Each structure stands twice: as C-alpha cells, then as structure tokens.
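Quantities reported herein were computed from a predicted structural model and do not represent experimental measurements. Residue indices begin at 1 and follow the sequence shown.
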Amino acid sequence: MLAKFQSIGVTPEDAKRIEFVTDWGGGGGANIVNALIEFKWNYCLGHALNLCEKGTFTVNYYDLVGRALENNPEAKSLVTTCDQYVRAVTAAIARKKKGIGKGLHVSNWSTHSHLEEHLEQRQYEGLMEVRDVVNDDVRALVILLGPFDNGGTRETSPHVTPAVWPALLDHLEPANDDSLSIVCMKDTIRSELVRMEAVALIEKCKDFVFFFLFKSSPGLKGKLTKLGCTTLKQEVPTRWNSHLTLLRSIQGKMDMINHVLREHSAATGKPHLTRTEGISNELIDALVAFLSPFEQTLSTP
C-alpha cells in the first residue's frame, strides 16, 4: 500500500496520516484489514450493526451445539473426555481415519463424529485411564446432537431452515428417560430456536413477494395496486435494512394480498393462499418496531 501511495506522489509519512474505515474483517473483509495494517483504521459501525441485525435472523447449528455444551458442565466434561480418548486411541494404533484428529472442543463442528468414534474404539483395552466413559451418556449425546451436527444427520445447510424447524422441536421434546444433563441441553437449544418463528415468517414473506414480483402475471400486481397496495419490496442480502424494507412493504397489507391470492387460486385452481399461511400481522408489526432503530442509527449522518 505504501508503495502504491508513493507511485502517485504521496510520501509514507503523509499516507500514514490517512484514517481508513472498514468492516471488522469477517465476511471476506480480512484481506482489506491486512492491507491496512500499517495505517490508522477504524471499524465501520454501520457494517457491524448490519451484521448484528442479519445475525438475529440466522440460527447456526454451530452455535446451537456450542451453547448447549457451554451451559452444561457435565456434558462438556464428557465431550472433553471422549476427545482425549479418541486422541489416545488414534496415537496408539497409528491409523488415520476421516473425523479423527481434529479435536473435540466445545466449538468444534465434529462433536458428533468424535462421540461415535469413541463408541467404536472402546475395544482397545490398553487405555484404561480414559476408557471409563459411561456408554449410555455418550449414546444419549450422540442421539441428541445428531440433527444438529455435521457429523450426524443434520441438513446440509450450516443454519437451521424453516423446513426442518418443526422436526427439530419434536426431537427436543422431553423423554421419560432423559438425564438431567440432556434435559438442560434440550432446554438451551429450544430457547435458541425461538428466533426461528421470525426466520420462518421472513422466509414466507420473501417467497410470496418473489411470486408477485417475478412469477405471477402483470395483472396480478395490477390488482394489488388498484386495492392501494404499494410496490412490494424483496429482501436484498447485500443491502442494509433489507429485512425492514421487505416487512414494511407488506405491513398492514396482508388482507389485500390474501384477497388477490384467493381470487387467483379460484381462477387457476392452484392453492396460492398457502403462500401466506401462518403469517402473523402482529409479528410483522413487532419486527418492524424492532428493526426501525437500526435504520435510524444507520441513516444518521
């Protein structure tokens, strides 16, 4: 960077007086941060707030597993012991196998794989110091974490999608034979999944707005306009306040949207009303109220 500045006649001393503003280094911005290592630079508050807002509507499997274990010392200790066991067995038999050797820390994606590996390797009797992990406890963790861990039966997406959300809630229902540790972990994960109600609503809104804007006939949009419904706005991931823009464009207009979809369903014989099924006006209002301060802060000079 200094050489580039010098090529246009800016001395290193003058260049270092320039203050840069950039993102925090995540999401592909690390290369920019590294390039400015010799200069004065500040984090972009707007970018950070935008990431916070978007993160609110993303439930990562990685975080679910990590928080469930962090809030449960007994399970965390069990996971650590299994990690030690897997490492010791791997070193003893000097073999390599996919999933072994990465470690099994609380924030590790391979939790489920290593727990299963522990169960497979208990045949090695010479490692008594780490061998005495209760099998039933490990099996219970394997069953619990399966749908949440990429070594188990998790969906391919790194975050929970509305399509699997109901199944995950069913999986977290209390069972009579649950240990206190498993009950605690289920409660932690279930509390984190509360946000999925908002995530599911936003996905539903994106779906029917996409239908109106890009898949329906122009006449359908015209009917909305005649009813007084202003232009629907689709969420654009690269734009700040995009969720708010989407929700505001439909706020207070769901009756009109459903009316048009009902007529269209009758005319085509297709169940278009299912596109808005379960959408709550109250939740839309609550989300708009929650997101509006972000917009106000980001638009303040």
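With 3.5 Å as the limit, one finds a donor-acceptor pair spanning the side chains of Ser280 and Glu282.
A distance of 5.5 Å separates SG in Cys205 from CG in Leu247, rounded to the nearest 0.5 Å. Between Asn258 atom CG and Thr276 atom OG1 the span is 3.5 Å, to the nearest 0.5 Å. Summarising the geometry, atom SG belonging to Cys184 is positioned 4.5 Å from atom CG belonging to Asn72; distances are rounded to the nearest 0.5 Å. Within the model, atoms CE of Met185 and CG of Leu180 stand 12.0 Å from one another, a figure rounded to the nearest 0.5 Å. Atom NE2 of His243 sits about 9.5 Å away from atom CG of Asn50, to the nearest 0.5 Å. Separating the CG atom in Asn60 from the CZ atom in Arg67 is a distance of 8.5 Å, to the nearest 0.5 Å.
The aromatic rings of Phe20 and Phe39 lie perpendicular to each other, with more than 60° between the two planes, well past the 30° mark. Using a 30° and 60° split on the angle between ring planes, Phe290 and Phe57 fall in the perpendicular class, above 60°.
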Determine, step by step, whether Val59 and Asp63 satisfy the side chain to side chain contact (heavy atoms under 4.5 Å, CB included) criterion, reporting the C-alpha distance in whole Å, the side-chain angles of both residues, the deciding distance to 0.1 Å, and the verdict.
CA-CA 8 Å; Val59 181; Asp63 294 331; over 6 Å; no

Notebook entry, point to check: Given Phe212 and Val260, is the side chain to side chain contact (heavy atoms under 4.5 Å, CB included) satisfied, shown in steps?
Noted result: CA-CA 10 Å; Phe212 270 102; Val260 172; 3.9 Å; yes

Assess whether side chain to side chain contact (heavy atoms under 4.5 Å, CB included) is satisfied between Thr268 and His264, documenting all intermediate values.
CA-CA 6 Å; Thr268 61; His264 192 55; 3.6 Å; yes

inquiry  = Test side chain to side chain contact (heavy atoms under 4.5 Å, CB included) on Glu277 and Leu273; report intermediate values, then the result.
reply    = CA-CA 7 Å; Glu277 234 172 40; Leu273 264 177; over 6 Å; no

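Lys233 has its side chain out of reach of Arg248: every pair of non-hydrogen atoms, C-beta onward, lies at least 4.5 Å apart. Side-chain contact between Leu232 and Leu224 is present, with heavy atoms from C-beta onward closer than 4.5 Å. Put simply, the side chain of Ile257 reaches to within 4.5 Å of the side chain of Leu261, judged on heavy atoms. Between Leu168 and Tyr61, some side-chain heavy-atom pair lies under the 4.5 Å cut-off. Two residues are said to be in side-chain contact when any heavy atoms from C-beta on lie closer than 4.5 Å; Met254 and Phe208 meet this criterion. Taking 4.5 Å as the limit, some side-chain heavy atom of Met196 sits within range of a side-chain heavy atom of Pro162. The closest side-chain heavy-atom distance from His171 to Phe148 is below 4.5 Å. The closest side-chain heavy-atom distance from Val164 to Thr161 is below 4.5 Å.
Remark: the backbone N or O of Ala175 is paired with a side-chain donor or acceptor of Asp178 at under 3.5 angstrom. A donor-acceptor distance shorter than 3.5 angstrom exists from the side chain of Thr297 to the backbone of Pro293, with no hydrogens or angles considered.
Hydrophobic clustering of Ile, Leu, Val, Met, Phe, Trp and Tyr side chains at less than 4.5 Å, counting indirect connections, unites Met256 with Leu213. With hydrophobic clusters built from ILVMFWY side chains whose heavy atoms lie under 4.5 angstrom apart, Val160 shares a cluster with Leu169. In the hydrophobic clustering of ILVMFWY residues, with side-chain heavy atoms under 4.5 Å counting as a link, Ile250 and Leu227 come out together.
Every residue two or more places apart in sequence or in another chain was checked for a salt bridge (Lys or Arg N to Asp or Glu O under 4.0 Å) with Glu53, and none qualifies. Not a single side-chain contact (heavy atoms from CB on, under 4.5 Å) links Ser191 to another residue, sequence neighbours left out. For Asp187, the side-chain contact (heavy atoms from CB on, under 4.5 Å) criterion is met by Val183, Arg190, not counting sequence neighbours. Judged as a ring-ring contact (aromatic ring centres under 6.0 Å, His included), and not counting sequence neighbours, the contacts of Phe210 are Phe214. For Lys206, the side-chain contact (heavy atoms from CB on, under 4.5 Å) partners two or more places apart in sequence, or in a different chain, are Ile202, Glu203, Gln234, Glu235, Leu246.
Across every non-hydrogen atom of Ser265 and Pro271, the tightest pair is OG-C, 4.0 Å. Nearest heavy atom pair, residue Ile279 against residue Leu201, reads CG2-CD1, 4.2 Å. Contact record, Lys186 with Leu144: CG-CD1, 3.8 Å, taken as the closest heavy-atom pair. When all heavy atoms are compared, the tightest approach of Val288 to Ser292 is O-OG, 2.6 Å. The minimum heavy-atom distance between Ala75 and Leu69, with the atom names listed, is CB-CD2, 3.9 Å.
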Under 3.5 Å, side-chain donor or acceptor atoms of residues 1-11 against the rest of the protein: list the pairs with distances, not counting sequence neighbours.
from: Ser7; atom 1: OG; to: Lys4; atom 2: O; distance (Å): 2.5
from: Thr11; atom 1: OG1; to: Asp14; atom 2: N; distance (Å): 3.1
from: Thr11; atom 1: OG1; to: Asp14; atom 2: OD2; distance (Å): 3.3

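Atom CD of Gln251 has more than 12 heavy atoms from other residues, nucleotides or ligands within 6.0 Å. The environment of CD in Glu74 is sparse: at most 12 heavy-atom neighbours from other residues, nucleotides or ligands sit within 6.0 Å. Atom NZ of Lys54 has more than 12 neighbouring heavy atoms from other residues, nucleotides or ligands inside a 6.0 Å radius.
Between His159 and Tyr62, the distance from one ring center to the other does not fall under 6.0 angstrom.
Ion pairing between a basic and an acidic side chain is recognised when a charged N comes within 4.0 Å of a carboxylate O; Arg195 and Glu192 show such pairing.
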